[in-house]
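Down below is the structure, laid out as structure tokens.
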Protein chains: 2
Amino acid sequence: MPNDSSEFVQALREAGLKVTQQRVALLATLMESTDHPNAEEIFVRVRALDDSVSLATVYRTLSTLEEAGLVQRLTFENEPARFEITPASQHDHLVDVDSGEVIELPSEELNRIRQDLADRLGYEIVSLHSFIRARKKPTVS
Amino acid sequence: MPNDSSEFVQALREAGLKVTQQRVALLATLMESTDHPNAEEIFVRVRALDDSVSLATVYRTLSTLEEAGLVQRLTFENEPARFEITPASQHDHLVDVDSGEVIELPSEELNRIRQDLADRLGYEIVSLHSFIRARKKPTVS
DNA sequence: ATTCGTGCAAAGCCTTTGCAGCACA
DNA sequence: TGTGCTGCAAAGGCTTTGCACGAAT
């Protein structure tokens with residue numbers, strides 16, 4: 001039985017989901033990840049904590065947690081989806097087209113403007129998926 | 001041989017690509033499309049103009065044109081990629097989560113802020129991929 | 001004549017799913 | 001005990017690719 005005092009356990013309970021060791025392991029893995037891993041990478045990392053987890057469960061759990069709002073799916077171009085724990089405030093992502101590195105771009109200003117635009121059209125925002133593909137500029141001498 | 005005076009022909013030539021009837025038909029199709037069709041939908045529409053075009057060619061041509069900068073690929077969640085003629089100025093996309101409809105959100109302000117953010121990090125923007133999943137608000141009485 | 005593009009069919013990659021067994025509530 | 005979750009393996013959807021032929025330069 002997983003550690004009941006964990007913050008993940010509470011989050012799962014609140015979402016009305018059963019607390020399984022696989023889900024706790026996955027949430028723990030994602031919480032510790034500072035990058036934005038894809039399902040395969042998460043699979044490898046989770047197995048370090050619990051080697052009974054299958055790839056199918058990783059996919060299923062990620063979808064479940066996404067639906068519950070605990071996890072966010074990042075859909076970039078020409079690559080498998082990446083995932084992150086749902087951040088406190090939405091942010092854009094800058095993707096280095098050469099290295100594949102992802103940099104988070106927190107900006108209240110961007111969020112505010114998008115909010116306004118959606119408002120004006122009579123929409124409420126469900127989620128944001130913004131990535132800017134960019135290349136490092138040669139450093140100016 | 002396709003109509004040499006067409007704007008598409010010129011664009012293809014400038015990109016150093018051979019001018020084939022398939023490519024011209026695809027560009028014409030995309031230019032006439034006001035929505036954001038996926039490869040399958042483009043395939044159907046292109047065949048109305050030239051029924052020799054194969055789905056493989058649609059995919060290959062879209063990738064080629066994307067690389068040449070003539071076409072932009074829109075990568076939304078849980079659905080096949082959509083495409084549009086590269087717009088004069090970049091814009092965000094609002095996706096109605098219920099109907100699937102895509103609304104373009106032109107905003108110079110958003111572009112400027114993103115430009116600034118990238119600049120400050122020493123990056124130059126290659127392309128922008130921003131979609132906001134949103135739901136229509138109930139109309140207030 | 002050469003090079004590049006195309007159609008076809010097969011393969012590939014990422015992701016989902018059916019089913020029987022197991023774990024959590 | 002009952003419901004939901006899991007592992008396994010198979011299937012699925014979208015996209016890419018090898019090959020031989022055909023079209024553009």
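Convention: sequence-line order gives letters A, B, ...; per-chain numbering from 1.
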Roughly how far, to the nearest 0.5 Å, is the [atom2] atom of [Y] from the [atom1] atom of [X]?
X: B/Arg13; Y: B/Lys18; atom1: CZ; atom2: NZ; value: 12.5 Å
X: A/Ile85; Y: A/Leu65; atom1: CD1; atom2: CG; value: 8.0 Å
X: A/Leu94; Y: B/Leu117; atom1: CG; atom2: CG; value: 9.0 Å

Minimum heavy-atom distance B/Ala25-B/Val46, with the two atoms named: CB-CG1, 4.1 Å
Closest non-hydrogen atom pair, A/Leu49 against A/Thr29: CD1-OG1, 3.6 Å
message: Would B/His93 and B/His36 count as a side chain to side chain contact (heavy atoms under 4.5 Å, CB included) here? Give the steps.
response: CA-CA 10 Å; B/His93 293 90; B/His36 300 78; 3.7 Å; yes
What is the distance from [atom1] of [X] to [atom2] of [N], rounded to the nearest Å?
X: A/Leu62; N: C/dC14; atom1: CG; atom2: C1'; result: 13 Å
X: A/Phe83; N: C/dC14; atom1: CZ; atom2: C1'; result: 11 Å
X: B/Asn78; N: D/dG13; atom1: CG; atom2: P; result: 15 Å
X: A/Glu67; N: C/dT16; atom1: CD; atom2: P; result: 12 Å
X: B/Leu74; N: D/dT15; atom1: CG; atom2: P; result: 12 Å
X: A/Glu77; N: D/dT15; atom1: CD; atom2: P; result: 11 Å

- request: Mind running a 4.0 Å heavy-atom check of residues 37-46 of chain A against DNA chain D and sending the residues that fall below it, in number order?
  value: none
field: B/Val24 side chain reached by B/Leu12 side chain, heavy atoms, under 4.5 Å
entry: yes
query: Is the closest side-chain heavy-atom distance between A/Glu84 and A/Glu104 below 4.5 Å?
result: yes
Short side-chain N/O contact from A/Tyr59 to OP1 or OP2 of C/dT15, under 4.0 Å: yes
Parallel, tilted or perpendicular: rings of A/Phe76 and A/Phe131 (30°, 60°): perpendicular
task: Compute the angle between the rotation axes at the two ends of the helix from C/dA1-D/dT25 to C/dA25-D/dT1, each taken over five pairs, rounded to 10 degrees.
output: 40°
- prompt: For B/Glu67, does the CD atom have more than 12 heavy-atom neighbours from other residues, nucleotides or ligands under 6.0 Å away?
  reply: no
- prompt: Which letter, B, S or -, goes with each nucleotide of nucleotides 1-11 of chain D from 5' to 3', with contact meaning a protein heavy atom under 4.0 Å?
  reply: -BBSSBBBB--
- prompt: Any side-chain donor-acceptor pair under 3.5 Å between B/Arg23 and B/Thr61?
  reply: no
